[in-house]
Amino acid sequence: MRKVFVIGSLVAAACVSYIGAAYYIGGMISGNIQTYERWLLDIEDVSVTRISYERGLFKGVLTYDIVLRPSRANPMREIFEGLIDAGMPPEIKLAGRMDVRHGPWVGQFAAARTEIEAALPEELRPYLPKYPGQAPWLKIDAIVDWSGSLSADFRFVDYNGRIGKTDDIEAVKAVVEGITGRARILPVTPRLSLEMALPRFHIGNQTTTLQLEGVRLTGTLEQGTKVKVKGELAVLKTLIEDKSLDHTKISVGAIKLDTNALREWPFIWSGLSSMAVNDIEFENNEVRGSLSSLTFRSDTTRKGDRLASSASMEVGVSKISGVNFPAIAVQVAMRNIEGEPINEDRKSTRLNSSHGYISYAVFCLKKK
């Protein structure tokens with residue numbers, strides 16, 4: 001009897017502990033949602049209509065209505081302006097409801113978990129005739145750990161087929177395979193990190209082709225006193241070909257771009273940025289050539305209300321129509337740049353050279 005009582009007590013204690021943990025997790029998730037909302041409200045590119053969390057014992061429901069609309073100070077603005085020209089809204093809307101399961105066990109030992117499968121909007125189906133049935137275009141598996149950090153693994157659907165209606169003579173064929181990624185958000189800092197991979201991308205029509213292989217993107221965004229951005233984009237292989245009368249073909253080996261930047265003013269960033277391109281080959285009906293490498297590097301620093309900036313470019317050994325050219329390097333350095341006037345001019349979309357921002361500059365061209 002005593003043994004049965006002991007076992008019963010242990011089971012009851014375990015149930016109470018489990019329910020207590022689930023109740024605690026519900027409060028923790030609610031607090032995290034409020035932290036995320038405050039973080040988003042501080043980002044000028046984001047408009048928050050609603051973020052609310054209905055907390056239950058073993059689950060909760062997140063309701064959200066958010067709009068991403070890059071400001072003119074955002075480097076992504078040019079892409080969104082292209083959408084305006086294409087007659088599309090220059091923003092991304094995220095709205096809906098999300099079911100969240102509370103731990104401590106949600107398929108693994110974690111605080112909470114949610115799985116999302118985004119269905120393809122029916123209005124897009126006529127433009128994607130080879131779309132794979134009712135498969136979701138995006139799958140997300142998100143986990144909240146015991147520190148409150150959110151990790152999300154995602155995968156986009158593969159597509160191999162035409163883009164455009166059947167009567168669209170400008171329709172293209174696309175192959176997009178294996179887009180996967182992982183995002184992680186630390187609410188206290190707050191800090192966002194992102195990893196993405198695209199093994200194969202091919203788009204083109206009868207005359208023009210663009211192929212990318214081995215694309216990888218990593219980056220972090222930290223929203224502190226100043227915004228910090230660090231990222232790297234690498235492409236293993238690139239091919240661009242135009243098969244029209246003026247046949248042109250460009251193939252590129254490895255491409256790598258990276259940046260480590262700090263936002264000093266709304267329109268001005270300091271930090272290091274670089275680009276490296278290797279094994280470039282090009283040809284058309286008249287010229288054939290190659291370039292071993294091309295690198296670019298810039299470094300901008302701030303001291304008080306002044307900026308200093310330097311840039312260098314190195315062009316490797318090249319060959320054009322059988323003629324060899326040696327490698328060269330170019331360096332430019334500028335000092336005592338007035339930061340605030342340049343920021344104001346960029347804000348008003350004009351640049352007035354009469355301000356005399358730069359006290360002096362140095363230009364150097366040399367053979368490597």
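Just so it is clear, the structure is predicted and the values come from calculations on it, not from any experiment. All residue numbers in this chain count up from 1 along the given sequence.
Clustering ILVMFWY residues whenever any of their side-chain heavy atoms sit less than 4.5 angstrom apart, transitively, puts V277 in the very cluster that holds I320. L272 is not connected to I337 by any chain of hydrophobic side-chain contacts under 4.5 Å among Ile, Leu, Val, Met, Phe, Trp and Tyr, and they are in different clusters. Cluster membership for L194 and I185, using ILVMFWY side-chain heavy atoms within less than 4.5 angstrom, is shared. In this structure, V323 is not a member of the same hydrophobic cluster as V317, with clusters built from ILVMFWY side-chain heavy atoms closer than 4.5 Å. Hydrophobic clustering places L138 together with V215 (ILVMFWY residues linked when any side-chain heavy atoms are closer than 4.5 Å, directly or through intermediates).
Looking only at distances, no side-chain donor or acceptor of D65 sits under 3.5 Å from a matching main-chain atom of R50. Side-chain atoms of R182 do not come within 3.5 Å of backbone N or O of A152 as any donor-acceptor pair. Of the possible donor and acceptor atoms, none in the side chain of R125 sits under 3.5 Å from a partner among the backbone N and O of L128. Y64 places no side-chain N or O within 3.5 Å of a backbone atom of V48 that could act as its donor or acceptor partner. The main-chain N or O of T300 is never found under 3.5 Å from a side-chain atom of S309 such that the two would form a donor-acceptor pair. Under the 3.5 Å distance criterion, the side-chain polar atoms of Y131 are matched with a main-chain donor or acceptor of A135. A donor-acceptor pair under 3.5 Å links the side-chain atoms of T114 to the main chain of D99, judged by distance alone.
Considering all non-hydrogen atoms of both residues, K226 and E264 come closest at NZ-OE1, 2.6 Å. Minimum interatomic distance between F296 and S298 (heavy atoms only, all atoms of both residues): CE2-CB, 4.0 Å. Scanning all heavy atoms of the two residues, the minimum distance from P341 to E338 falls at CG-OE1, 3.5 Å. A pairwise comparison of heavy atoms in G60 and H102 identifies N-NE2, 3.8 Å as the closest pair.
In this structure, a donor-acceptor pair under 3.5 Å is absent between the side chains of N284 and T248. No side-chain donor from either of T180 and R155 sits under 3.5 Å from a side-chain acceptor of the other. Checked by atom type, the side-chain pair T218/E232 shows no donor-acceptor distance below 3.5 Å. Counting only N and O atoms by type, the side chains of H247 and E241 include a donor and acceptor under 3.5 Å apart.
The closest side-chain heavy-atom distance from F201 to L210 is below 4.5 Å. Residues K173 and N160 meet the side-chain proximity criterion, which asks for heavy atoms closer than 4.5 Å. Using a 4.5 Å heavy-atom cutoff, the side chains of V315 and L291 are in contact. Side-chain atoms of P132 and V157, non-hydrogen and from C-beta on, do get closer than 4.5 Å to each other. Two residues are said to be in side-chain contact when any heavy atoms from C-beta on lie closer than 4.5 Å; V144 and R113 fail this criterion. Residues L62 and I33 have side chains in contact (heavy-atom distance under 4.5 Å, counting atoms from C-beta outward).
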message: Working note: W146 + F109, criterion ring pair (Phe, Tyr, Trp, His ring centres under 6.0 Å); need CA distance, chi angles, decisive distance, verdict.
response: CA-CA 9 Å; W146 292 96; F109 189 63; 5.3 Å; yes

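In this structure, H202 NE2 and T209 OG1 are separated by 4.5 Å, a value rounded to the nearest 0.5 Å. Separating the CG atom in L212 from the CD1 atom in I203 is a distance of 10.0 Å, to the nearest 0.5 Å. To the nearest 0.5 Å, the span separating CE on M334 from CG on L307 amounts to 9.5 Å. Rounding to the nearest 0.5 Å places OG of S293 at 7.5 Å from CD of E314.
More than 12 heavy-atom neighbours from other residues, nucleotides or ligands sit within 6.0 angstrom of CD on E123. Open room surrounds CD on E286; 12 or fewer heavy atoms of other groups in view lie less than 6.0 Å from it. Around the CE atom of M98, the shell of radius 6.0 Å holds more than 12 heavy atoms that belong to other residues, nucleotides or ligands. Other residues, nucleotides and ligands contribute over 12 non-hydrogen atoms within 6.0 Å of the CZ atom of R184. Annotation: K303, atom NZ; neighbour count of heavy atoms from other residues, nucleotides and ligands within 6.0 Å does not exceed 12. Within 6.0 Å of OH in Y127 there are 12 or fewer heavy atoms belonging to other residues, nucleotides or ligands.
Under the 6.0 Å distance and 45° angle rule, R302 does not count as a cation-pi partner of W269.
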